[in-house]
Amino acid sequence: MTDSTPGNFTRRAALRTGAVLGVAAPLGAVGWTAEADQRSRQTAAPNRNSLRQAVSFLQLATDAYATSGKRFVQSYYDGSGLGDIGFIYDNALTTIALLAAGDYTRAQGIGDGLLFAQANDAAKDGRLRQAYHADTFVNPDGSPHYGYEFGLVGTAVGDMSWTGLALAQLARRTGKSRFLAGAVRIGEWIVDNTYSTTGLKGYTFGETAGLEDHKSTEHNIDVYALFTLLHQLTKDAAWKRYATHAWNFVEAVWNADDGFFWTGSDDGAAINKNPLQLPLDVQTWSWLAARKEKYAGALDWARTNLATTDNPLRTNSALTGNYSVRGVGFASGTFRTDVTKKIGGQDYNPLPDSGGVWFEGTGQLALSLGNRNRGSDRARADGLLDNIRSAQNNLGTGQTFGGKDAVGGVVAASSPIDTGFGFGYYQHRHTAATSWYVFALTGFNPYVF
């Protein structure tokens with residue numbers, strides 16, 4: 001979790017987008033599994049229809065360019081500036097969300113797309129790249145179509161881990177060995193290429209130009225979760241040791257005085273304590289991945305310090321009329337941004353709002369609070385879900401995916417926000433934001449079985 005520039009994108013630099021789609025088969029056409037149906041019935045009544053709309057949106061997105069077989073999913077809506085680019089992080093989340101809804105057919109279609117990208121990569125070493133084209137996923141020569149025009153040819157540990165998590169979830173739920181084999185190959189690539197014995201140890205950022213020595217707390221949480229699942233699936237004790245190596249890094253960047261996790265390290269040895277780079281996701285993901293009571297207070301730090309309400313009177317807010325929405329921002333830098341300067345210093349990026357809501361993170365926090373479930377957690381989670389549902393109904397109207405109008409998707413942000421890491425999020429429908437909303441509505445933790 002570091003900065004990104006147009007020539008050096010991480011998966012988060014996709015943030016100039018938002019996903020949505022046309023008219024696919026209704027949810028009933030694939031049928032919910034008994035588990036998914038039970039989750040739906042347990043969902044509060046006001047959210048039940050919202051859940052079905054969100055899942056339908058993900059189904060539509062999955063079917064945008066192919067309705068059967070292997071495929072890739074576009075991350076953001078057509079007018080985002082990224083076209084048909086699909087990030088593997090977003091595809092992994094969409095896969096797991098579809099599994100949570102019982103749509104194993106589409107989930108396996110994306111999973112097979114991820115396996116295709118892995119098996120046909122030029123490096124032939126188990127890696128995937130950060131993004132691919134969804135419409136033209138397979139080149140004429142049979143190779144996967146990387147997102148070259150955006151510089152998205154690097155490989156980041158967090159992206160790889162989430163892909164592995166999706167494949168591991170597929171392996172457990174379908175019993176198909178190809179998904180487990182793909183997840184294991186990802187784990188082996190991470191160990192072979194990023195295992196560090198120096199500085200803060202843990203795992204390095206990956207093979208992304210300019211970020212090779214960085215170590216991300218977010219990434220190490222992801223690695224911990226993936227290796228934990230691989231240990232459960234394979235019974236190989238080595239995965240448990242590798243998981244512990246990742247978690248030791250996470251514990252090393254705990255700020256006990258203030259009760260939150262730092263973002264990581266820029267050189268692999270010194271903790272990055274930049275006050276503009278205190279992120280939300282490492283607080284929520286640390287709980288979901290490990291559920292360690294010692295660090296449960298990170299959720300309280302996040303829900304208080306990163307809370308925000310966007311309204312039309314904010315400078316550069318994208319909201320109009322009497323509409324306002326509440327949630328959390330991406331990181332501390334979101335609230336200290338210079339709203340007179342373009343996001344990341346790029347002319348094509350709009351001027352940011354200092355208090356826009358980041359809906360992906362709002363879903364993460366709602367899920368995490370509901371999962372912790374103590375004191376007022378459930379009520380706070382419900383309040384956040386109410387605001388995401390409001391955004392689902394009011395923001396992103398008319399946005400298309402694959403040229404088709406669709407409803408049910410959640411936008412990435414209520415207004416343009418500067419993350420503090422050199423990139424932004426915008427009011428564009430987004431598969432990842434929608435997937436986290438599905439997890440939060442159903443109580444489905446994507447990090448565990």
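- Donor-acceptor pairing under 3.5 Å is recorded for the side chains of Thr136 and His145.
- No side-chain donor-acceptor contact under 3.5 Å links Ser56 to the backbone of Arg52.
- Remark: side-chain polar atoms of Asp78 are paired, donor with acceptor, to backbone N or O of Gly403 under 3.5 angstrom.
- Using a 4.5 Å heavy-atom threshold, the side chains of Pro446 and Trp436 count as touching.
- Asp386 and Arg326 are not joined by a salt bridge, as no carboxylate oxygen comes within less than 4.0 angstrom of a charged side-chain nitrogen.
- The pair Asp300-Arg372 counts as a salt bridge, with a side-chain nitrogen and a carboxylate oxygen less than 4.0 angstrom apart.
- Side-chain rings of Phe249 and Trp254 stay apart, their centers remaining 6.0 Å or farther from each other.
- The aromatic rings of Tyr447 and Trp162 are tilted relative to each other, their planes meeting at an angle between 30° and 60°.
- The aromatic rings of Tyr425 and Phe423 sit perpendicular, their planes meeting at an angle over 60°, well past the 30° parallel limit.
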For the pair Thr155 and Trp189, evaluate side chain to side chain contact (heavy atoms under 4.5 Å, CB included) and give the outcome as yes or no after the intermediate values. CA-CA 10 Å; Thr155 298; Trp189 186 93; 3.6 Å; yes

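- Side-chain atoms of Gln283 and Trp287 form no donor-acceptor pair, as typed in the model, at a separation below 3.5 Å.
- Note: Tyr65 and Phe137 fail the aromatic proximity criterion, with ring centroids not under 6.0 Å apart.
- Judged purely by atom type and a 3.5 angstrom limit, Arg173 has no side-chain atom pairing as donor or acceptor with the backbone of Gly102.
- Under the 3.5 Å distance criterion, the side-chain polar atoms of Asp213 are left unmatched by any main-chain donor or acceptor of Gly268.
- Checked by atom type, the side-chain pair Thr105/Asp103 shows no donor-acceptor distance below 3.5 Å.
- Using modelled atom types, no side-chain atom of Thr67 and backbone atom of Asp63 make a donor-acceptor pair closer than 3.5 Å.
- Side-chain atoms of Tyr323 and Ser390 form a donor-acceptor pair, as typed in the model, at a separation below 3.5 Å.
- Note that CG of Asn387 is 11.5 Å distant from CG of Asp382, once rounded to the nearest 0.5 Å.
- Under the 30°/60° scheme for interplanar angles, the aromatic rings of Trp247 and Phe261 are found to stand perpendicular.
- Other residues, nucleotides and ligands place more than 12 heavy atoms under 6.0 Å from the CG atom of Asn373.
- Under the 3.5 Å distance criterion, the side-chain polar atoms of Gln364 are left unmatched by any main-chain donor or acceptor of Trp285.
- No side-chain N or O of Tyr203 forms a donor-acceptor pair with one of Asn193 less than 3.5 Å apart.
- Ring centers of Tyr146 and Tyr148: under 6.0 Å apart, within the cut-off.
- For Phe205 and His219, the distance between ring centers is under 6.0 angstrom.
- At least one side-chain heavy atom of Thr62 sits less than 4.5 Å from a side-chain heavy atom of Arg71.
- Of the N and O atoms on the side chains of Ser50 and Tyr437, at least one donor lies less than 3.5 Å from an acceptor on the other residue.
- Side chain of Gln427 to backbone of Ala413: no donor-acceptor contact under 3.5 angstrom is found.
- Under 4.0 Å is where a charged nitrogen must lie from a carboxylate oxygen, and between Glu207 and Arg127 at least one such pair does.
- Note that the CG atom of Leu128 and the CD1 atom of Ile88 stand 5.0 Å from one another [nearest 0.5 Å].
- In this model, a donor atom of one side chain and an acceptor atom of the other lie less than 3.5 Å apart for Asp310 and Ser317.
- Nearest heavy-atom pair across Ser414 and Val357 is OG-N, 2.8 Å.
- Not a single donor-acceptor pair under 3.5 Å links the side chain of Thr163 to the backbone N or O of Ala92.
- Nearest heavy-atom pair, Trp358 versus Ile417, reported as atom, atom and distance to 0.1 Å: CB-CD1, 3.9 Å.
- Nearest heavy-atom pair across Gly363 and Ala440 is O-CB, 3.5 Å.
- Of the possible donor and acceptor atoms, none in the side chain of Arg106 sits under 3.5 Å from a partner among the backbone N and O of Leu58.
- Phe179 has its side chain within reach of Asp112: a pair of non-hydrogen atoms, C-beta onward, lies under 4.5 Å apart.
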Stepwise side chain to side chain contact (heavy atoms under 4.5 Å, CB included) test for Phe330 and Asp418: CA-CA 8 Å; Phe330 182 87; Asp418 188 336; over 6 Å; no

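- Rounding to the nearest 0.5 Å gives a distance of 13.0 Å between CG of Asp266 and NZ of Lys273.
- Side-chain contact, Asp90 with Ser75: a donor N or O sits under 3.5 Å from an acceptor N or O.
- Judged by distance alone, the side chain of Ser332 and the main-chain N or O of Leu278 form a donor-acceptor pair under 3.5 Å.
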